Amino acid sequence: MDETNDLIQERLKKLGRLRDAGLEPYGNPFTAVDKASDILSKFGALSKEELEPKKEKCTLAGRMISFRDFGKTAFAHIQDTTGRTQVYFSKDIIISNPDIFKNLDIGDIVGVSGQLFRTRTNELTVNADSLTLLCKSLRPLPEKWHGLKDIETRCRQRYVDLIVNPHVKELFLKRSKLIKALRNYFDERGFIEVETPMMHQIPGGATARPFKTHHNALGLDLYLRIAPELYLKKLLVGGYDKVYEINKNFRNEGISSKHNPEFTMLEFYIAYEDYNFLMNFTEELIPNLCKDINGGLRVPFGESADPADNVVIDFTPPWTRISMVDAMSKEGVDPSVFKDVEKARQFALDNKIDVDKKTTHGKILDEIFKKKVESRLIQPTFITDYPVELSPLAKRRKDNPDFVERFELFIGGREIANAFSELNDPSDQKGRFLEQVEARKQGDEEAGFMDEDFVRALEYGMPPAAGEGIGIDRLFMLLTNTSSIRDVILFPQLKPEQ
RNA sequence: GGGCCUGUAGCUCAGUUGGCAGAGCAGCUGACUCUUAAUCAGCGGGUCGAAGGUUCGAAUCCUUCCAGGCUCACCA
C-alpha cells in the first residue's frame with residue numbers, strides 16, 4: 001500500500017516545492033461555472049471565424065489527464081465529470097506562474113479560465129489566462145494508450161478505472177439512470193417507496209443461506225436479509241396498497257461473474273391484483289426502462305466473432321407465456337415425468353441431472369427445467385405455474401392446488417423476475433412454513449424458518465395481492481449486454497489484497 | 001469447492017534451449033511559441049506474486065501457498 005517508488009517520491013518533492021512557493025496544493029474551493037459538455041454543445045458547431053469575435057470566456061475545473069510541453073507554450077486536456085476539454089497555455093501564463101508549471105503533473109486537479117478559440121487543427125480550446133492548483137496528485141495514472149486493463153486493479157481501485165476508462169464512467173451513469181427511471185415509473189403509478197430492515201431476526205422471503213451478524217447490546221444474533229418480501233407484505237396488511245423497495249439483499253454463496261454477495265433487488269407489491277396483472281405490468285415496465293436507457297427496444301446479446309451471428313434481444317411486447325410443464329414438454333420431456341416422482345427421478349438420472357439432494361417432485365422438476373429449458377429462453381418469456389413446494393409464499397391455483405399462481409421471467413437464458421399471487425390464507429401459510437421447518441430438519445440448509453409474526457399479520461387480513469422481485473444488477477447487465485456482474489457493481493466483493 | 005489459464009518497472013506487455021532483466025508509455029535533465037500517441041537528445045527505474053526445492057547457474061523446471069480470470073457445482 002505505501003509503495004514508495006520514485007514516481008511518487010518525485011511528486012512528493014513537487015508538493016514540497018509548491019508549499020515552499022506559498023501555493024497551497026490542497027483544498028481551495030473553486031467555482032467552475034462551465035462543464036466540458038456544455039461548452040461543446042454551445043460552441044462545438046461554431047467555426048474559428050464565428051467563435052473568435054464572441055470572445056467567449058469560460059471557467060473549468062477537473063483532472064489534468066494529458067500535458068504536452070513546448071517550452072514556451074503547452075497544451076493539456078482537463079477532464080471533468082462530463083468530458084474533456086483542451087486547454088492552451090501561452091507564453092505569458094507560463095512565465096508568470098513558474099512555480100505551478102514546474103511542479104505540475106498529469107493527474108493533478110486544476111481550475112482554469114480563459115477565452116475559447118479554435119486551434120490550427122480546429123480543436124475547441126480554452127486559452128488559459130489563469131491556472132489554479134486544486135489538488136496535487138501523488139500517484140501516477142495508468143498509461144495513456146492502453147489505459148488500465150487489469151480486472152483486479154479495475155475493481156479494487158475503481159476510482160482509477162473511472163478516471164481513465166470513460167466507457168466505465170458512462171456505464172455507471174447509465175445504471176444511475178436506470179434506477180431513476182424505475183423510481184419514476186413506480187412513483188407515477190401511485191406506488192410508495194419504503195425501506196424495510198436489512199437486519200432480520202428470521203431470514204425469510206427467499207431460499208438462500210444468510211450472513212449472520214450479532215447485536216452486542218441485545219445479545220442477539222441477526223441475519224442480513226436475503227429478501228424484503230415478508231416486511232413488504234406486512235405493509236399491505238397495514239393498508240398501503242402499492243409499495244416498492246429498491247435495496248440490497250445479501251446471500252452467503254459463491255462469488256462468480258453472475259453473483260455478488262450483496263446485490264440490488266427491486267420488490268414491489270400491489271393489492272387487489274394477481275400474477276396475470278403483473279405479467280402485463282412487467283411487459284410494459286421493462287421495455288419502458290430499456291427505451292429510457294437505450295433509446296430502443298432491441299439490445300445486442302453476447303459477443304460473437306462473426307457479427308452476422310450476433311443475437312439481438314427484442315423487448316417488444318407481447319412476450320411468450322408458457323407454463324413450466326408445457327415448456328418442458330416442448331423440449332421433449334415426457335408428460336409422465338410431471339405426474340410421477342419416480343418417473344421424474346429416473347428422467348433426471350437418464351439425463352445426468354444431479355437430484356441426489358432433491359427430495360420432492362417439485363424440486364426434481366425444477367432441476368429438469370433448469371437443465372433442459374432455461375438456457376434456451378433468450379427472448380423474453382414468462383414461465384408460469386410452478387410446483388407448490390418451490391413457492392412457500394405463493395397462492396395455490398384453484399384448478400390444481402399442487403401448483404401456484406407464479407411466473408418467472410426469463411431473458412437471455414437467465415431468470416430476471418420472479419412474481420406471484422401472494423398467499424393470504426394464514427393457515428395455509430402456517431402449514432407451508434411448517435413444511436419448510438421440516439425440510440430444514442431433514443438437512444435442507446436453504447429451507448425457510450417459521451415466521452410467527454408474519455402469520456399473525458396475515459391473521460389480521462392481507463388483501464389479495466400480487467408481488468414481484470427483479471434483480472437489478474442482472475437486469476442492467478442484460479440491458480447493456482455486460483457479461484460480468486463485476487462490471488455493473490462499482491465496488492464488487494474481492495478477497496483481501498496480499 | 002473441482003478443472004484450465006494468468007501474475008515480470010507506476011501502466012501495457014516481450015523475455016527463445018535454464019546462462020548479465022527488456023520495450024513502449026509515464027518519470028527525470030535539456031531543446032522546442034498551435035500540439036493532441038507532439039517531436040528530438042540523454043538519464044534513472046525490478047522482492048520477475050510469495051516460500052521452499054532441483055541446478056555450477058532459475059523469471060524460465062518441480063512443490064506448496066496467495067491473488068485474479070474462465071468454467072463446472074450452488075444460486076438471483
Side-chain angles (χ1 to χ4, degrees), chain A residues 3-11 13-14 48 65-77 84-95 102 105-107 117-123 125 127 137-157 160-161 163-164 205-209 226-227 248-267 353-354 356-358 366-367 370-371 374 408-410 414-418 445-446 469-475 477 483-486 492 494-498:
Chain A
E3 304 140 54
T4 44
N5 70 62
D6 53 351
L7 298 177
I8 293 175
Q9 288 306 316
E10 199 61 50
R11 288 177 179 228
K13 279 186 218 158
K14 289 177 181 175
K48 196 178 177 73
I65 52 159
S66 69
F67 192 79
R68 294 175 292 282
D69 183 7
F70 292 85
K72 294 193 178 61
T73 64
F75 288 91
H77 275 97
R84 297 170 177 186
T85 310
Q86 180 164 263
V87 177
Y88 171 70
F89 298 106
S90 66
K91 186 178 151 194
D92 293 346
I93 186 172
I94 292 178
I95 288 174
K102 259 184 221 153
D105 279 298
I106 290 171
F117 75 111
R118 278 190 185 279
T119 60
R120 263 179 221 162
T121 50
N122 214 33
E123 180 164 347
T125 301
N127 183 0
S137 167
L138 298 180
R139 287 178 184 267
L141 286 175
E143 194 235 348
K144 63 186 170 189
W145 303 1
H146 307 89
L148 179 64
K149 286 185 171 171
D150 182 77
I151 294 169
E152 186 179 347
T153 312
R154 287 186 43 223
C155 292
R156 276 193 208 285
Q157 295 175 245
V160 181
D161 193 26
I163 292 168
V164 301
T207 52
R209 283 162 62 189
I226 54 174
K248 292 289 180 71
N249 286 351
F250 306 86
R251 299 190 185 174
N252 205 341
E253 285 146 6
I255 295 174
S256 76
S257 60
K258 292 166 191 66
H259 299 84
N260 197 58
E262 54 179 299
F263 61 99
T264 303
M265 187 69 138
L266 159 71
E267 284 203 13
I353 298 168
D354 179 19
D356 285 356
K357 285 178 256 169
K358 309 297 172 186
D366 190 39
E367 288 302 309
K370 280 178 183 165
K371 279 281 150 41
E374 206 171 288
E408 291 193 332
L409 171 64
F410 288 86
R414 280 193 217 136
E415 184 197 328
I416 294 297
N418 177 24
E445 268 191 80
E446 287 176 351
I470 300 179
I472 295 305
D473 309 279
R474 287 187 176 178
L475 174 66
M477 286 166 70
S483 61
S484 171
I485 200 167
R486 277 184 305 274
L494 294 170
K495 290 192 194 176
E497 216 169 336
Q498 284 162 7

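Everything numeric here is computed off the predicted structure, so don't read it as measured data. Order of the sequence lines sets the chain letters (A, B, ...), proteins ahead of strands, with each chain counted from 1.
Between B/C62 and B/G19, the distance separating the two P atoms is 15 Å to the nearest Å. A gap of 22 Å separates the C1' atoms of B/G15 and B/U54, to the nearest Å. For the P atom pair drawn from B/U8 and B/C13, the interatomic distance equals 10 Å after rounding to whole Å. Comparing B/A58 with B/A51, their C1' atoms sit 15 Å apart, to the nearest whole Å. Remark: the separation of the C1' atoms in B/G45 and B/G68 is 26 Å, to the nearest Å. For the C1' atoms, the distance linking B/C11 with B/C70 amounts to 24 Å, nearest Å. Between B/G42 and B/A23, the distance separating the two P atoms is 13 Å to the nearest Å. B/G27 sits 9 Å from B/G44 when the C1' atoms are compared, rounded to a whole Å.
Side-chain atoms of A/Thr125 lie closest to B/U35 of the nucleotides B/G10, B/U35, B/G27. When each of B/C74, B/A67, B/C70 is scored by its nearest atom to the side-chain atoms of A/Ser257, the top-ranked nucleotide is B/C70.
If you check every strand for non-hydrogen atoms under 4.0 Å, A/Lys13 touches nothing. As judged by a 4.0 angstrom heavy-atom cut-off over every strand, A/Glu253 is placed among the base-contacting residues. Using a 4.0 Å heavy-atom criterion, one finds that A/Lys102 contacts no nucleic acid atom at all. Here A/Asn252 lies out of heavy-atom contact (under 4.0 Å) with every strand.
A pairwise comparison of heavy atoms in A/Ile8 and A/Leu138 identifies CG1-O, 3.4 Å as the closest pair. Considering every non-hydrogen atom in both A/Ile472 and A/Met265, the closest pair reads CG1-C, 4.2 Å. In plain terms, the two heavy atoms of A/Ala206 and A/Ala227 that are nearest each other are CB-CB, 4.0 Å. Closest approach of A/Phe89 and A/Val87 over heavy atoms only: CZ-CG1, 3.6 Å. Across every non-hydrogen atom of A/Ile485 and A/Ser256, the tightest pair is CG2-O, 3.7 Å.
Legend: residues meeting side-chain hydrogen bond (donor to acceptor under 3.5 Å, both in side chains) with A/Asn249, ordered by chain and number and at least two apart, are A/Arg225. Annotation: side-chain hydrogen bond (donor to acceptor under 3.5 Å, both in side chains) contacts of A/Glu152 (sequence neighbours excluded): A/Arg156.
Nearest-nucleotide positions on RNA chain B for A/Asp105 and A/Ala76 put A/Asp105 closer to the 5' end. With the nearest nucleotide of RNA chain B identified for both A/Arg11 and A/Arg68, A/Arg11 has the one nearer the 5' end.
Classification of the A/Tyr88-A/Phe117 ring pair by plane angle, with boundaries at 30° and 60°, yields perpendicular.
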Pair assignment for RNA chain B - dot-bracket with | for other-strand partners, Watson-Crick or G-U under 3.5 Å: (((((((..((((.....[..)))).(((((.......))))).....(((((..]....))))))))))))....
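Atom CG of A/Asn127 is separated from atom P of B/U35 by 15 Å (rounded to the nearest Å). Going from atom CD of A/Gln9 over to atom C1' of B/A9 covers 16 Å, rounded to whole Å. Rounded to whole angstrom, the span from the CG atom of A/Leu138 across to the C1' atom of B/G27 amounts to 14 Å. When the P atom of B/G68 is taken as reference, atom CD of A/Gln157 falls 14 Å away, rounded to whole Å. For A/Glu415 and B/C74, the CD to P distance is 15 Å, given to the nearest whole Å. Put simply, CD1 on A/Ile151 is 11 Å from P on B/U71, counting in whole angstrom units. Rounded to whole Å, atom C1' of B/G10 lies 13 Å from atom CD of A/Glu10. Across the protein-nucleic acid pair, A/Glu497 atom CD and B/G49 atom P stand 16 Å apart, rounded to whole Å.
Considering CZ of A/Arg486 and CE of A/Met477, their distance stands at 9.0 Å, rounded to 0.5 Å. Taking CG of A/Asp473 as the start and OG of A/Ser484 as the end, the distance is 11.0 Å to the nearest 0.5 Å. To the nearest 0.5 Å, the span separating CG on A/Asp69 from CD1 on A/Ile94 amounts to 6.5 Å.
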Strictly under 3.5 Å: I want the nitrogen or oxygen pairs between protein and nucleotides 11-13 of chain B, one per line.
residue: B/C11; atom: O2'; partner: A/Glu143; partner atom: N; Å: 3.4
residue: B/C11; atom: O2'; partner: A/Gly147; partner atom: O; Å: 2.8
residue: B/U12; atom: OP1; partner: A/Lys149; partner atom: N; Å: 3.1
residue: B/U12; atom: OP1; partner: A/Asp150; partner atom: N; Å: 3.0

Show me the protein contacts with nucleotides 43-48 of chain B, counting only N or O atoms at under 3.5 Å.
none

Show each protein N/O and nucleotides 30-34 of chain B N/O combination with a separation under 3.5 Å, one pair to a line.
residue: B/C32; atom: N4; partner: A/Gly71; partner atom: N; Å: 3.1
residue: B/U33; atom: OP2; partner: A/Lys72; partner atom: NZ; Å: 3.2
residue: B/U33; atom: O4; partner: A/Lys91; partner atom: NZ; Å: 3.1
residue: B/C34; atom: O2'; partner: A/Arg120; partner atom: NE; Å: 2.8
residue: B/C34; atom: O2'; partner: A/Arg120; partner atom: NH1; Å: 2.8
residue: B/C34; atom: O2; partner: A/Arg120; partner atom: N; Å: 2.6

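Judged purely by atom type and a 3.5 angstrom limit, A/Asn5 uses its side chain to pair as donor or acceptor with the backbone of A/Leu7. Judged by distance alone, with hydrogens and angles left aside, the side-chain atoms of A/Ser66 form a donor-acceptor pair with the main-chain N or O of A/His77 at under 3.5 Å. In this structure, the side chain of A/Lys48 engages the main chain of A/Arg118 through a donor-acceptor pair within 3.5 Å. Proximity of a side-chain donor or acceptor of A/Arg209 to a complementary backbone N or O of A/Glu253 within less than 3.5 Å is not detected.
No side-chain heavy atom of A/Thr153 sits less than 4.5 Å from a side-chain heavy atom of A/Val160.
In this structure, A/Arg486 reaches the B/G69 phosphate: one of its side-chain N or O atoms is under 4.0 Å from OP1 or OP2.
Residue A/Glu123 places no side-chain atom within donor-acceptor reach of the base of B/U35, judged by atom type and a 3.5 Å distance cut-off alone.
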